[in-house]
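Comments concern the structure below.
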Amino acid sequence: MKQLAIQRNKQRGAIIIVFTLSMLVLFGFMALVIDLGRIYVVRSELQNAADAAALAGAKDLDQTLAGVDRAKARAIAMAGQHYYQFSTPISITAANLSVGSCPEDACMVPISSIASNAQATGKTFLRVYIPSGSFSTFFARVPMTREDNAGITSSATYGEAVAGRYTNNAAPLGVCGLINTSTGATRPKGEALPGTNELAQFGFRHGVSYDIFNLNPLVPNSDPYLVNPVDTYPNACNPGNSSANVTAPFVCGGTSSALTSVPATVYGNTGISAGPIEAALNSRFNDFSAPSVCNSTSTPPDSNIRAFGCTGAGCATPAADWMTPAPAYQVLTPSDRYQPASPDDRSHYGVLWSYSRAVRANSATPPGPGTSFNPTTADWAALYNTPDGAPAPNTNFPASGSPYADPAHTTAPGGGQTGQPDRRVVNLMIIDCPNVVHAGACSRLPVLGVGRFFMQTPANFKGNPKKLHMEFAGLIEPFVSTNEIKLYHLRSCIKGAITDRDC
């Protein structure tokens, strides 16, 4: 009997040990099921709030300071309509918000750092970060719920979302397509010019420079249009949004938000004068002096700021002088603006092919770009209808394919700036000017396409006539709108929890 009692006592001791160990394991599972489950619920609540706030606020990011302010207010208000831990209201401030030009962290800056339209340019993504703060656990406090046998007294998580859109790459500037004088209509999207099979698109010829202020007259003065970069037709139009002050930051970056496809209709206004627009264009030549609103970080200068130029009628100078500015710079004259296909005097031309070459038309309908003309052939006489062909510098078209890209004719911006290639290419909306519906600052402009125009020299809007020399380099085809607001990536984490995932 005595031996049996000893055995029972031993069993009781073993049961206590097994029960104790079982309870520790049980508490560990309860920690996993209850505490970790609670944490994941909180994370989901925070993530849902971040998603909603980011999507709501991003819709207001129209690249203006006012739009950033609206986005901030809307995101904070939307987050406040959500709860976590089922009943605790979510409250965020501007400190939880960032804006940027892309969804990645490297593109983001605190929303509170945006203090001007220039700083708001390109900022079309909103990041919302909502932390849970530290909250207590229940069963995870028990030792052995971690590998180091230390209990977990509290945990934290967060929700984060980024929403926004990539802007289209059309600057808020409109230029008239060239007119067919026999019909009074804008020339077609693609046509093969007689005798050469050279491609012209809405009348513009690849490699030929145009004075944008010297094309088809829009009103008695032949200014290009300032396009409303914010209001999308047929929605309401705010006349102030097609002013120089509003459009200038968009011109800095060469982007806008109003054009969603081509052909399409946008709102616009006439009247470009010296000031913010001229300065915004000339930032590409590393000129950020007042009244420029451009930011040299977000809208850097071109990597080659040497201006193209020439001396004397026809620019008959050596290739090395192509980029030397000179007062005798020539462009198409007013008498040629309707019929740029066959000017009869080479003195009407400025520098040809400074960025790209003339292009043959292909056999498609309408014709599109085919192969480039060889710069050493006798096609020039047919292309330019002159006794001796194109101006002399074209005989030395560099092997690199473009004088602009030739290291021998490159000037770096300096001043700590490395520059960005092709910043001097400005994508302009080509307008069907005979069909413009004039209504002041909310005129309705039919957009036929978006053309790439290379700035050969800095803009000069102070003189009379104003000058904006740009070489046509083709259409952007297809023109793709990227105005749809999307969630680009979602992130959340749990810190100090059973899974030991650090944030």
Side-chain angles (χ1 to χ4, degrees), residues 171 173 175 178 204-215 224 251 254 272 277-287 301-333 336-337 340 343 346-359 375 384 390-394 396-398 400-413 419-428 430 451-463 465-474:
L173 295 173
V175 59
L178 300 181
F204 292 104
R205 303 166 64 196
H206 291 239
V208 171
S209 60
Y210 299 87
D211 185 347
I212 300 303
F213 279 95
N214 200 24
L215 298 176
V251 176
I272 295 178
I277 302 301
E278 177 188 40
L281 287 166
N282 289 343
S283 66
R284 291 157 173 81
F285 289 89
N286 204 30
D287 183 359
D302 198 289
S303 55
N304 181 5
I305 64 170
R306 181 178 290 185
F308 287 78
C310 59
T311 57
C315 308
T317 55
D321 294 333
W322 281 14
M323 295 188 185
T324 303
Y329 187 90
Q330 300 287 331
V331 295
L332 296 180
T333 64
D336 298 320
R337 65 189 178 202
R346 80 176 197 180
S347 66
H348 291 176
Y349 289 98
V351 176
L352 290 168
W353 299 4
S354 58
Y355 183 81
S356 62
R357 303 176 186 179
V359 173
Y384 304 109
N394 281 311
N396 295 310
F397 201 84
S400 61
S402 169
Y404 160 79
D406 190 343
H409 306 305
T410 297
T411 298
Q420 178 179 313
D422 291 332
R423 275 279 290 147
R424 284 162 61 181
V425 177
V426 184
N427 300 325
L428 304 181
I430 299 177
R452 304 172 71 236
F453 288 83
F454 174 72
M455 288 187 68
Q456 293 181 322
T457 60
N460 181 358
F461 298 170
K462 300 179 180 66
K466 304 178 181 72
K467 295 180 180 180
L468 180 56
H469 299 147
M470 307 182 88
E471 177 185 306
F472 182 65

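Remark: side-chain polar atoms of Asn304 are paired, donor with acceptor, to backbone N or O of Thr411 under 3.5 angstrom. Between the side chain of Gln456 and the main chain of Ala307, no donor-acceptor pair closer than 3.5 Å is present. Judged by distance alone, the side chain of Asn427 and the main-chain N or O of Ala171 form no donor-acceptor pair under 3.5 Å.
Residues Leu281 and Ala459 approach most closely at CD1-CB, 4.2 Å, considering heavy atoms. Heavy-atom minimum distance, Arg284 versus Val251: NH2-O, 2.9 Å. Scanning all heavy atoms of the two residues, the minimum distance from Glu471 to Ser354 falls at OE1-OG, 2.5 Å. For the pair Arg423 and Ser283, the tightest heavy-atom approach, listed with the atom from each and the gap, is NH2-OG, 3.7 Å. Contact record, Pro224 with Ile272: O-CD1, 3.7 Å, taken as the closest heavy-atom pair.
In this structure the side chain of Arg452 never reaches within 4.5 angstrom of the side chain of Ser356, judged on heavy atoms. The closest side-chain heavy-atom distance from His469 to Ile212 is not below 4.5 Å. Met455 has its side chain within reach of Leu468: a pair of non-hydrogen atoms, C-beta onward, lies under 4.5 Å apart. Side-chain contact check for Asn460 versus Asn282: every heavy-atom pair is 4.5 Å or farther apart.
We find the OG1-CZ distance between Thr457 and Arg306 to be 15.0 Å, quoted to the nearest 0.5 Å. Atoms CD1 and CG, on Ile430 and Leu178 in that order, are 8.5 Å from each other to the nearest 0.5 Å.
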Would you check, one step at a time, whether the test side-chain contact (heavy atoms from CB on, under 4.5 Å) holds for Asp302 with Val425? CA-CA 9 Å; Asp302 198 289; Val425 177; over 6 Å; no
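Remark: Pro413 engages Asn286, Pro301, Ile305, Gln417 in a side-chain contact (heavy atoms from CB on, under 4.5 Å) (not counting sequence neighbours). Not counting sequence neighbours, the partners of Asp422 by the side chain to side chain donor-acceptor pair (under 3.5 Å) test are Tyr355.
A salt bridge does not link Glu278 to Lys466: none of the charged nitrogens lies less than 4.0 Å from a carboxylate oxygen.
Residues Phe472 and Phe454 keep their aromatic ring centres 6.0 Å or farther apart.
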